[in-house]
Amino acid sequence: MFSSILHSVNRYLISRFRLVRRLFLNLTHKKLTPKATVAPLPDNEPARLKSLDSYQILDTSPEEVFDDLTKLASHICDTPIALISLVDAHRQWFKSRVGLDATETPRELAFCAHAILQPEEILIVPNTLKDKRFAANPLVQLEPNIKFYAGTPLVTPDGFPLGTLCVIDRVPRTLTSEQLEALQALGRQVITQMELRINLGKLERSITKRQRIEKALRRSNKQLKQTLQELRNAQVQTIQGEKMSSLGQIVAGIAHEINNPVNFIHANLPHVNRYTEEMLNLLALYQKQYPNPTGEIQAYSEEIDRDFLIEDLSKILGSMQVGTDRIHKIVLSLRNFSRLDEAEKKIVDIHEGIDSSILILQHRLKATEKHPLIEVIKHYAGIPRLACYASQINQAFMNILLNSIDAIEAAFEFSYLSWEKDRGEIHILTELSDENHVIIRIADNGTGIKENIQKRIFDPFFTTKAVGNGIGIGLSITYQIVVKNHSGRLNFMTEPKKGTEFSVEIPIYL
């Protein structure tokens with residue numbers, strides 16, 4: 001008997017559940033025609049929808065930060081229902097909800113569609129049954145039985161209302177002024193979180209893109225290292241096989257091909273500078289004579305940021321000048337490298353060659369912002385004149401001296417040397433050894449050479465200097481000149497943070 005009654009009750013409940021479900025489905029599929037007032041579209045509706053789409057938030061999963069704001073609104077306003085509602089072209093969709101199972105409703109029934117028409121104000125409906133806009137609304141007549149509504153528009157920094165943070169009750173009521181202020185503050189926090197969310201998304205995409213680029217660069221760098229190693233091996237084999245002349249022809253050809261277009265650019269830069277200055281002067285004269293330009297000119301001037309362009313243009317031209325100067329130096333190094341076998345053997349005074357190199361480098365020895373005066377201290381002994389390739393030997397001295405100057409500059413930059421207490425010094429000593437060799441020692445008080453790179457300093461194209469300050473062939477060329485071309489020896493002693501001494505030994509009878 002009891003089970004029969006229970007079965008009947010169960011069937012009754014199931015039938016009522018199905019009835020409610022059919023009513024809800026009819027409502028969502030617009031089979032039930034509402035008599036509520038449909039809110040008109042905002043005047044800026046296309047732009048508003050575009051702004052909403054840019055946040056990429058519609059139909060996304062629940063997020064705790066938005067749910068916390070909704071719960072807080074429900075608690076402060078003491079309402080059973082609170083929603084973060086976003087209005088798109090056909091519906092209002094709930095990013096967060098408290099006390100409501102539905103995730104969206106048709107826009108025609110949305111209270112929020114009315115709220116976004118007045119983005120500066122909170123829409124408050126104390127009693128929906130007494131408001132002709134909503135009295136016949138199915139959301140009032142049926143579940144969720146809205147009898148009270150208060151919604152603060154969610155307005156973007158660009159002024160577009162995207163939806164509301166709203167609180168709903170099933171009985172007529174009002175909110176205190178403190179509750180209304182809190183609701184508005186929470187609404188502003190919703191927009192802040194939406195802005196943060198989209199910016200974080202952009203940042204994550206940027207990081208992902210950067211990681212892909214870094215991964216590609218690592219692959220490319222690995223391939224480049226392998227290629228460079230192969231090139232070094234090939235170069236060593238070429239040197240060991242005494243094929244410098246053919247290699248020199250190749251390098252000379254490359255230098256020649258680079259030099260022509262660079263000379264063209266370099267020669268035209270002064271004209272570009274002058275033309276630019278004249279155009280800017282003309283623009284300044286126009287501004288002086290016509291201080292009130294038309295609206296179109298003023299708008300375009302602001303759009304292109306005229307002041308920034310004027311300021312940055314000179315920097316760009318200066319960078320181009322520095323770049324062409326740098327290429328000239330590289331071409332000169334390549335030419336020196338390619339002409340190792342072209343110079344004739346001559347009887348020369350080594351001291352004169354050293355003095356010539358020092359004279360050429362005077363501009364690097366003077367006090368600058370990077371270092372105080374660098375003093376060259378010479379200790380010359382009485383040594384015989386040598387039969388050697390004079391231009392090559394001078395080039396070797398030049399390369400070693402340049403290396404010493406760079407090391408001293410770095411020592412002051414990294415505070416290994418004190419501007420107040422220390423000075424840059426290069427000591428040059430010449431002597432005659434017992435083995436009929438002339439020895440030239442060039443010592444500096446620079447940074448020294450770190451132990452982990454000492455074995456590589458004579459490798460072609462190896463450098464520890466910053467990009468643009470060295471290409472890594474100076475000491476390599478010096479090694480070829482002294483050891484390969486003059487059957488001499490090139491050694492060094494170094495102490496990190498203290499300095500380095502290079503020792504050049506050349507046989508008297510070559």
Side-chain angles (χ1 to χ4, degrees), residues 329 332-333 336 346 348-386 388-433 437-449 457-458 463-465 469-470 472-479 481-482 486 488-506:
K329 293 179 181 178
L332 179 59
S333 295
N336 291 332
K346 299 179 180 179
V348 299
D349 184 346
I350 289 295
H351 293 157
E352 290 182 358
I354 297 174
D355 291 339
S356 297
S357 299
I358 295 173
L359 181 63
I360 294 172
L361 294 175
Q362 277 300 311
H363 69 287
R364 293 291 307 275
L365 300 172
K366 295 178 181 179
T368 67
E369 294 180 356
K370 292 185 178 181
H371 61 80
L373 176 70
I374 298 177
E375 185 175 359
V376 178
I377 304 168
K378 296 180 284 188
H379 309 274
Y380 290 167
I383 58 175
R385 294 164 64 90
L386 297 180
C388 62
Y389 300 106
S391 62
Q392 295 183 28
I393 289 295
N394 290 342
Q395 181 67 48
F397 294 151
M398 180 83 72
N399 291 339
I400 295 175
L401 288 169
L402 283 170
N403 194 77
S404 295
I405 293 171
D406 290 339
I408 292 172
E409 289 181 355
F412 281 103
E413 180 180 354
F414 296 118
S415 300
Y416 300 156
L417 293 176
S418 169
W419 281 73
E420 294 78 14
K421 300 179 181 179
D422 301 315
R423 65 177 182 177
E425 293 183 357
I426 299 177
H427 291 261
I428 304 176
L429 180 146
T430 61
E431 60 182 336
L432 187 63
S433 75
H437 280 69
V438 170
I439 302 176
I440 303 97
R441 304 184 192 277
I442 301 177
D444 63 68
N445 62 339
T447 56
I449 304 172
I457 65 170
F458 297 128
T463 180
T464 59
K465 298 174 184 176
N469 291 336
I473 63 175
L475 290 180
S476 176
I477 291 175
T478 300
Y479 186 86
I481 292 172
V482 174
H486 289 85
R489 290 190 289 265
L490 177 61
N491 300 303
F492 67 92
M493 295 186 299
T494 186
E495 184 177 354
K497 300 184 182 180
K498 296 295 183 179
T500 302
E501 177 185 290
F502 283 94
S503 173
V504 178
E505 298 184 31
I506 303 174

Does any pair with a residue in residues 408-420 pass salt bridge (Lys or Arg N to Asp or Glu O under 4.0 Å), and if so which ones, sequence neighbours excluded? R364-E409
Determine the sole option in L365, D422, D444 for which the side chain to side chain contact (heavy atoms under 4.5 Å, CB included) test with I408 is passed. D444
Does atom OH of Y479 have more than 12 heavy-atom neighbours, drawn from other residues, nucleotides or ligands, at distances under 6.0 Å? no
Taking only residues two or more places apart in sequence or in another chain, which ones pass side chain to side chain donor-acceptor pair (under 3.5 Å) with S357? none
Apply the test side-chain contact (heavy atoms from CB on, under 4.5 Å) to residues I439 and S503: give CA-CA distance (whole Å), side-chain angles for both, the deciding distance (0.1 Å), then the verdict. CA-CA 7 Å; I439 302 176; S503 173; 3.8 Å; yes
Where do R489 and V482 land on the side-chain contact (heavy atoms from CB on, under 4.5 Å) test, with the steps shown first? CA-CA 6 Å; R489 290 190 289 265; V482 174; 5.7 Å; no
Compare all side-chain heavy atoms of L401 with those of I428 and state whether any distance is below 4.5 angstrom. yes
For the backbone of N399 and the side chain of N403, can you confirm whether one donor and one acceptor N or O come within less than 3.5 Å of each other? no
Return the CD1 to CZ distance between I440 and F397, rounded to the nearest 0.5 Å. 4.0 Å
V376 vs L361 side-chain heavy atoms within contact, under 4.5 Å: no
Could you walk me through whether I393 and V348 pass side-chain contact (heavy atoms from CB on, under 4.5 Å), step by step? CA-CA 10 Å; I393 289 295; V348 299; over 6 Å; no
Inter-residue atom distance E425.CD - L373.CG, 0.5 Å rounding: 10.5 Å
Taking only residues two or more places apart in sequence or in another chain, which ones pass salt bridge (Lys or Arg N to Asp or Glu O under 4.0 Å) with E352? none
Heavy-atom closest contact (H371 atom, F412 atom, distance): CB-CD1, 3.7 Å
At what distance, to the nearest 0.5 angstrom, does OG1 of T478 lie from CD of Q395? 7.0 Å
With sequence neighbours excluded, give me every salt bridge (Lys or Arg N to Asp or Glu O under 4.0 Å) pair touching residues 371-381. D355-K378, E375-R423
Should F502 and L475 count as side-chain neighbours, where that means a heavy-atom distance under 4.5 Å? yes
Can you measure from CD1 (I405) to CD1 (I426) and round to the nearest 0.5 angstrom? 5.0 Å
Not counting sequence neighbours, which residues clear side chain to side chain contact (heavy atoms under 4.5 Å, CB included) with L432? List them please. I383, P384, V438, I508
H351: which residues meet the side chain to side chain donor-acceptor pair (under 3.5 Å) condition with it, sequence neighbours left out? T430
Which atom names give the shortest non-hydrogen contact between G353 and N394, and what distance separates them? CA-OD1, 3.2 Å
Once you measure the plane-to-plane angle for H427 and H379, does it fall in the parallel (<30°), tilted (30-60°) or perpendicular (>60°) bin? parallel
Separation between CG (N445) and CD (E495), nearest 0.5 Å, reads 12.0 Å
